[in-house]
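All values below come from the heavy atoms of this structure, side chains included, with hydrogens, waters and symmetry mates left out. Here is how names work: the chains are called A, B, and so on, in the same order as the sequence lines, proteins then strands, and each is numbered from 1.
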There are 2 protein chains.
Amino acid sequence: MQNSPDSPPPTLLERIRSKITSGELEPGNPLSEVSLAQEFDVSRTPIREVLKQLQLEGLIEIRPKVGTFIREPNRREIVELFQLKEVLEGLAAALMARRGPCPELDDLEEIVAASEVSSNAGDTDTYASQVQDFHQTLVDGADNNKLVEQYARLMNQLAYFRLVRKTLKHPGRAVDSSREHRQILTMIKDKDPFGAETTMRAHVFASTQELLVPQTRTTLSLERDS
Amino acid sequence: MQNSPDSPPPTLLERIRSKITSGELEPGNPLSEVSLAQEFDVSRTPIREVLKQLQLEGLIEIRPKVGTFIREPNRREIVELFQLKEVLEGLAAALMARRGPCPELDDLEEIVAASEVSSNAGDTDTYASQVQDFHQTLVDGADNNKLVEQYARLMNQLAYFRLVRKTLKHPGRAVDSSREHRQILTMIKDKDPFGAETTMRAHVFASTQELLVPQTRTTLSLERDS
DNA sequence: GACCCTTTTGATGCATGCAACATAGCATCG
DNA sequence: CGATGCTATGTTGCATGCATCAAAAGGGTC
């Protein structure tokens, strides 16, 4: 959905990154340069460049002279990333409200309408992907490329795919979430940046709570990290 | 000031990056791999890895088979980055207010007190560095490592050094700025996250305006930006 | 004199080989 | 039997050489 206009051949970086973010590789799994080189039929050199960049993105950890491992963010990092997610998406909502009519606004309208159907029908799988679309479209609609980049990096680090599946299992959460989406959309259309930002942040915060609570009892215990 | 506790030998990445962010190299200047390799007495391979990462950070542009060039953000990108700066520093202020007493809070107190002196004395050079300290200390004090990382990347992209020198030339801006710093510090100590965030964002926005307005006509002509 | 084609040059892109090091397994010794 | 040192192996770190390609320089023609 995000590369519908043009799909240039995916970069080696993107291909390897998607192997990680898609969950194809388990966290902690070692990533050998030679095996990756063989798999993608290239030399070790371009593989190394990619791995260095993925380390910079926080997806993997290169232990010198030992090996490369898929990194799993600990609980503290997840909380930190969600704090960032909250303000970034809040900024996106505010910017979009200030911007006024744009193609992404129409897309949002469609997504919200469709997600209301699926959430009421209890189709959580469909709704989950529509949630992704909603947030991504909103960020795109902010018309701020640097925001888009930072947001993409953040979502990659979260390996968001791995988390969302859990968050919507809660009965009633999908319906609440859908209602919040509708509120945000209305405020954007009303050109209310402050309201849109505030509501968006509350929405992200609520979703975060839903996502973090079931894993441990205490919400933000920030236990020992590293 | 940022590596007072421990200064491990700066990595190649940091050394090359600082060559760019320090202004030692002009934007548009070509960066040859071989010349860098000779300068740092290493092979082209590690240089290439560093350049790839700097490209990911947005500092340079690698035109395949042509060369590597220092990238200057155009006006639109600068605006985008400052929008991000606003919400990130706002978040930092809010988190610090929620956090309560911490070493960074004491540091802030000292910085603000010292900067009030220099701003009233009209010592803009000293005040400029204290402004840097204020913002950096605030971000550090938020106790969110991911925020620190994103903020560092953002400031690198802005090549902030190159901009700040201009912003404080405006008569009276330093005094206003100093007063805003004091307000923010008070709200943090009062544990008022919302007030601290709001004031911080207003402060960043005001500084941004000061910085962007005067250079409209001459500095950034916004030539074709590829 | 202007334009186009060819050549040359200089840069990156990648493959490969060797060196350095961390780790695990094993033999040896107390 | 446990601890310790040694060796084997697998990994990354880096240097170097060749292939590839883009852009500029040069020569020829109209």
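At whole-Å resolution of the value, CD1 in A:Ile62 and P in C:dA22 are 16 Å apart. Across the protein-nucleic acid pair, B:Leu31 atom CG and C:dT12 atom C1' stand 13 Å apart, rounded to whole Å. As rounded to whole Å, 14 Å separates atom P of C:dC14 from atom CZ of A:Phe40. Between the CD atom of A:Glu33 and the C1' atom of C:dA22 there is a distance of 15 Å, rounded to whole Å. Atoms CD (B:Glu49) and P (D:dC14) sit 7 Å apart, rounded to a whole Å. Rounded to whole angstrom, the span from the CG atom of B:Asp41 across to the C1' atom of D:dT16 amounts to 15 Å. The CG-P distance, from B:Leu51 to D:dC14, rounds to 14 Å in whole Å. When the P atom of C:dG10 is taken as reference, atom CZ of B:Arg63 falls 18 Å away, rounded to whole Å.
Side-chain N or O atoms of B:Glu77 include one that pairs as donor or acceptor with a backbone N or O of B:Asn74 at under 3.5 Å. A donor-acceptor contact shorter than 3.5 Å links the side chain of A:Glu80 to the backbone of B:Asn145. Here the side chain of B:Gln209 pairs no donor or acceptor atom with the backbone of B:Ala206 at under 3.5 angstrom.
If you check every strand for non-hydrogen atoms under 4.0 Å, B:Arg44 touches a base. Residue-level contact check: A:Ile47 touches neither bases nor backbone, having no heavy atom under 4.0 Å from any strand.
Distances were taken from every side-chain heavy atom of B:Lys65 (C-beta onward) to each of C:dT23, D:dT20, D:dT12; the shortest belongs to D:dT20. Looking at the side chain of A:Thr45, the nearest of the listed nucleotides C:dA15, C:dT23, D:dT12 is C:dA15. The side chain of A:Pro46 has C:dC14 as its nearest neighbour among C:dC14, D:dC14, D:dT12.
At a cut-off of 3.5 angstrom, the base of C:dA11 holds no donor-acceptor pair with the side chain of B:Ser32. Between the side chain of A:Thr68 and the base of D:dT12, no donor-acceptor pair of N or O atoms lies under 3.5 Å.
Mapped onto DNA chain C by nearest heavy atom, B:Lys52 and A:Val66 fall at different nucleotides, with B:Lys52 at the one closer to the 5' end.
Residues A:Asp143 and A:Arg98 are not paired through a salt bridge, judged by the lack of any N-O separation under 4.0 Å between the basic side chain and the carboxylate.
Relative ring orientation between B:Phe134 and B:His181 is described as parallel, the plane-to-plane angle staying below 30° on a 0-90° scale split at 30° and 60°.
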